[in-house]
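Below is one structure, written out as structure tokens, with a few remarks after it.
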Protein chains: 2
Amino acid sequence: MPSSTAPVAARAVGRDAGMTPAMKTAVPAEPSRRRRSRKGEGERLREEILDATSHLLLQTGDHEAVNIRSVAKAVGVTPPSIYLHFADKAALIKAVCGRHFASLEQSIEVAVAGTDDPAEQLRLRGRAYVDFGLEHPEQYRILFMSRRAVVCDEPPDEELKAASGFTALVDNVVRAIEAGAVDAVDPILVATGLWTVVHGITSLAISVPDYPVSGLDTLVDHLLDVHRRGLRPSSFSMEAWPHR
Amino acid sequence: MPSSTAPVAARAVGRDAGMTPAMKTAVPAEPSRRRRSRKGEGERLREEILDATSHLLLQTGDHEAVNIRSVAKAVGVTPPSIYLHFADKAALIKAVCGRHFASLEQSIEVAVAGTDDPAEQLRLRGRAYVDFGLEHPEQYRILFMSRRAVVCDEPPDEELKAASGFTALVDNVVRAIEAGAVDAVDPILVATGLWTVVHGITSLAISVPDYPVSGLDTLVDHLLDVHRRGLRPSSFSMEAWPHR
DNA sequence: CCTGCCAACTTAACACTGTTAGCTTCGGCT
DNA sequence: AGCCGAAGCTAACAGTGTTAAGTTGGCAGG
């Protein structure tokens, strides 16, 4: 029976020289070829692939360093088997990120649960967003900083709103307006603006080496505070920009 | 001709299907092998490579679609010749982007020259930044949205300031403070905040399919206006965020 | 004019990537 | 017991960045 002979498994993958030896041991405990799934359990491989990819993505922090062959090796399977469950590499990466960001909305809601004040909720929401993005930088990059961000295959006009719980943000803005904390302009515009601010922080913090020279917390507080003051009804908007 | 047939199958990544035949002819008139340079004129190839790469980058809008072989073919040279002038592909792309963004600062200064009011200058600066980023999206992505943005090889702490004319922005903020249009907090903090806002707009507009549902101009005006109001000394900062 | 030298390239190949066609193998049903 | 199809493998293709080693052709010195 050839299943347990090590050299066979090594030969199966072809040239394995490129991978550093540390990588192999770091992936948790799937060294050899895994048992084939039962008849109806083909879907289990899909989950294992997702787990392994997620692990590698976190580990390398670069989706270009996560290649099909390393994923296959991590699950104990050959590269073509990946394509039984994912159309291509992009679909795989997308699935992993979608999985991670299903918890973004949840994280935000947990953070918001601490208070009932809509304005404070907006601030907590912003901080939670930035924190989450910095905890999962590569996933954030793929979702919101790619060439053409494709969050999911839902109807395209729903993509924007579905991602990052945009509707929940809009609701929060509406509540803030009703509470008198925010000027009564278009809530969607205000929500988009808030998203833009926290995305700007997250994006630059991920990409630019030592971005917030003034410290990240300071900047987040500063920006959210400035934005909140600018949104208040009390700052009478008659005196707009000099001309337009 | 299989190029125009396939309705669904041809997606982004794989084979050469991404290249349409029209692209090849679009590169201006270097079909065959070019004449070898004279003894001292080896540097001329470098410029031709930069030109061709810049052209391809603009054309495809994706730095992963610009490969060494296509650049070499466009210049009329073989792939290894590229490495006589650039250490690797990243260095080549970086050089091209650096070239493009040498004009970012210039574009901004031109835009600012229209007025003497520091507050209005800040707004014009922001608009010019966004416009420039949207005119050169792929270059912007490489410069400010990459995994680890490497603007240039200068001393690392100078990178941030050198890029996008950060010091000029800080100076503008200082002038706005002196003019009484902006509250007298840390100018660097304020400048970083402003950069963050315009980057947030630019970044999302590049990445997210139909990002500003309210229209881009509307959003830019809204955000810069809100930010300006939030920065005014008149919005007394005693009443800060509820708690912290 | 010739001769050699060296800058400016080319040829050929390597290692690695995503991806596909076609074959094997095993679990479960009849 | 037999077979059939799901689950997975073998082998290969086409394309990528990159490098080692060879070639060419213009220019300087004899």
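For the numbers below, each heavy atom of this structure counts, side chains included, while hydrogens, waters and symmetry mates do not. Residue numbering restarts at 1 for every chain, and letters A, B, ... go by the order of the sequence lines.
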Exercise. On a plain distance test, is the side chain of B/R69 in donor-acceptor contact with the base of D/dG15 below 3.5 Å?
Worked result: no
Exercise. With B/L124, which residues qualify under side-chain contact (heavy atoms from CB on, under 4.5 Å), at least two apart?
Worked result: B/T115, B/E120
Problem set entry | Out of C/dA12, D/dG8, D/dG17, whichever nucleotide has its closest atom nearest the side chain of B/Y83 | D/dG17
For this session: Rounded off to whole Å, could you give me the CG-to-P distance for the A/L84 and D/dG8 pair?
Result: 7 Å
For this session: Find the distance B/H63:NE2 to D/dG17:P and express it as a whole number of Å.
Result: 10 Å
Exercise. Rounded to the Å, how far apart are B/N67 CG and C/dT17 C1'?
Worked result: 13 Å
Problem set entry | Interatomic distance where CG belongs to B/D88 and P belongs to D/dG17 [whole Å] | 11 Å
Problem set entry | Between P of D/dA6 and CZ of A/R44, the distance in whole Å | 18 Å
Problem set entry | Sole candidate of B/R99, B/H85, B/H55 that passes side-chain contact (heavy atoms from CB on, under 4.5 Å) when paired with B/L50 | B/R99
Exercise. Could you give the NZ-to-C1' distance, from B/K73 to D/dT16, as a whole number of Å?
Worked result: 14 Å
For this session: Tell me which nucleotide among D/dA11, C/dC9, D/dG8 gets nearest to the side chain of A/P80.
Result: D/dA11
For this session: Specify the separation, in whole Å, of atom CD1 of B/I68 and atom C1' of C/dT17.
Result: 16 Å
For this session: Would you tell me whether A/N67 and A/S70 have side-chain atoms, one donor and one acceptor, within less than 3.5 Å of each other?
Result: yes
For this session: Starting at atom NZ of A/K89, determine the distance to atom P of C/dT17, rounded to an integer number of angstrom.
Result: 9 Å
Seminar exercise, completed: With sequence neighbours left out, the residues meeting side-chain contact (heavy atoms from CB on, under 4.5 Å) with B/A111 are B/A128
Problem set entry | Phosphate OP1/OP2 of D/dC9 contacted by A/S81 side-chain N/O (<4.0 Å) | yes
